[in-house]
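Computed from a predicted model, the values in this text were never measured in an experiment. Per chain, numbering begins at 1; letters A, B, ... match sequence-line order.
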Number of protein chains: 2
Amino acid sequence: MTDEESQILLQFLKVLADESRLRILGLLTNREASVEELAAYLKLRAPTVSHHLHRLQTLQLVAMRAEGNVHFYRFQPESLYRLNRMLTPEKLSRLTDDVQGDEWERKVLRDFLSGEELKEIPASRKKRLVILKWLTDKFEADVRYPETEVNEIIGRHHPDFATLRRELIGNGLMEREHGVYWRI
Amino acid sequence: MTDEESQILLQFLKVLADESRLRILGLLTNREASVEELAAYLKLRAPTVSHHLHRLQTLQLVAMRAEGNVHFYRFQPESLYRLNRMLTPEKLSRLTDDVQGDEWERKVLRDFLSGEELKEIPASRKKRLVILKWLTDKFEADVRYPETEVNEIIGRHHPDFATLRRELIGNGLMEREHGVYWRI
DNA sequence: ACATCAATTCGATATCTATCTATATTCGTA
DNA sequence: TACGAATATAGATAGATATCGAATTGATGT
């Protein structure tokens, strides 16, 4: 969640997830209005409305036009469209997937390993595969392991050995027959 | 902001405006996952993840499939599309339409409603129409409902669902064809 | 029946923020 | 220059909620 766009999405949602601010936007879609007008309509004090407008403005959901001391605010629909574009399943999935590169695999290992300890199981299928390949190297080729030993070996690196063991099989990195495991 | 759809919009935004929940959705777009897996990846405790999943589930942003004791959650994109449809300037402007709306209609609603319960069906045609419009808002636009569900939804507000259902049709607020009902 | 493990529910706590009052700033005008 | 009016900022408070550990529920296998 260090991705910039994700943070913007989160900010958008936080700003919009407030009844007063939604109502302000609703009023401003019809016509521009001053802080005082809005306060009267919403039955809030001017500083409160000012605070909300400030937050809306940082995301360009509203814009301001000053006429003397009176500040007229208007709604800016483009920003809503921007939010809509960010609110697709595809964009959401990228929240947790990083960009790929040449050093990508090593970066994954750096990120998820602390020494020989797997800090967490990557959620993205691609990264998980990198970790699983690394884990496979902990087993000798052409050696048959009983399940207890498989658990023990995986368990040296992460407590959730059951999930990892299933993933190793599921991804074709190891095989099982009658409770005996071996590396491919 | 008494409008039902506005409240749903607000709920959507509140549920999504949280980093952990966004990350959960991001993970679930790639693959379904158990509570434990999610907790490991997010570095949160299981009860916390459970709490988030519950909130996501109330808005049908995720769905659950149980396999023994393990609960696998998956992402439901349709709900996001629903949110997108609500996040247009036109819909936002309707948030406040009823604020300046007819004082009389609100009085009728106050008089005949006790919370979400319809105390009695108004005898006057004009007042009945106000109630029926309110009742129509309990149905989603563009959704087809079987008669049993129509009865169930109306029944939440008044026992005499048969009369009210007939009135909704008679006043052109809903339509029926082959036992299937939809909102106009 | 009993033990175990995943998930949920419960109760407590700490953080966040919407809202308020009080104060400061900015601009038009007498 | 000084005053009044409209906003903005600062600081305080109250309500909401994300998170946790502990206890409970529910399913599975011995």
Using a 3.5 Å distance criterion without hydrogens, assess whether the side chain of A/Thr136 forms a donor-acceptor pair with backbone atoms of A/Leu132. yes
Flag, side chain of A/Arg74 to backbone of A/Leu28, donor-acceptor distance under 3.5 Å: no
Strictly below 4.0 Å: does [X] bring a side-chain N or O up to OP1 or OP2 of [N]?
X	N	result
A/Ser34	D/dT7	yes
A/His71	D/dA8	yes
B/Ser20	D/dT19	yes
B/Ser50	C/dA7	no
A/Arg55	C/dT17	no
A/Thr48	C/dC20	yes
A/Tyr73	D/dA8	yes

[N] [atom2] sits how many Å from [X] [atom1], rounded?
X	N	atom1	atom2	result
B/Leu44	C/dA6	CG	C1'	17 Å
A/Arg45	D/dT13	CZ	P	19 Å
B/Lys14	D/dG15	NZ	P	15 Å
B/Asp18	C/dC16	CG	C1'	12 Å
A/His52	D/dT9	NE2	P	15 Å
B/Lys43	D/dT19	NZ	P	14 Å
A/Leu16	C/dT17	CG	P	14 Å
B/His51	C/dA6	NE2	P	22 Å

Considering every strand and a 4.0 Å limit on heavy-atom distances, what is the contact class for B/Phe72: base, sugar-phosphate, or nothing? nothing
Between A/Asn69 and A/Pro47, whichever has its closest DNA chain D nucleotide further toward 5' is A/Asn69
So, are A/Arg156 and A/Glu152 salt-bridged, with charged N and O less than 4.0 Å apart? yes
Tell me yes or no: between the side chains of B/Asp160 and B/Thr163, is some donor less than 3.5 Å from an acceptor? yes
List in chain and number order the residues that pass side-chain contact (heavy atoms from CB on, under 4.5 Å) with B/Ala39, two or more places apart in sequence or in another chain; answer none if no residue qualifies. B/Val49
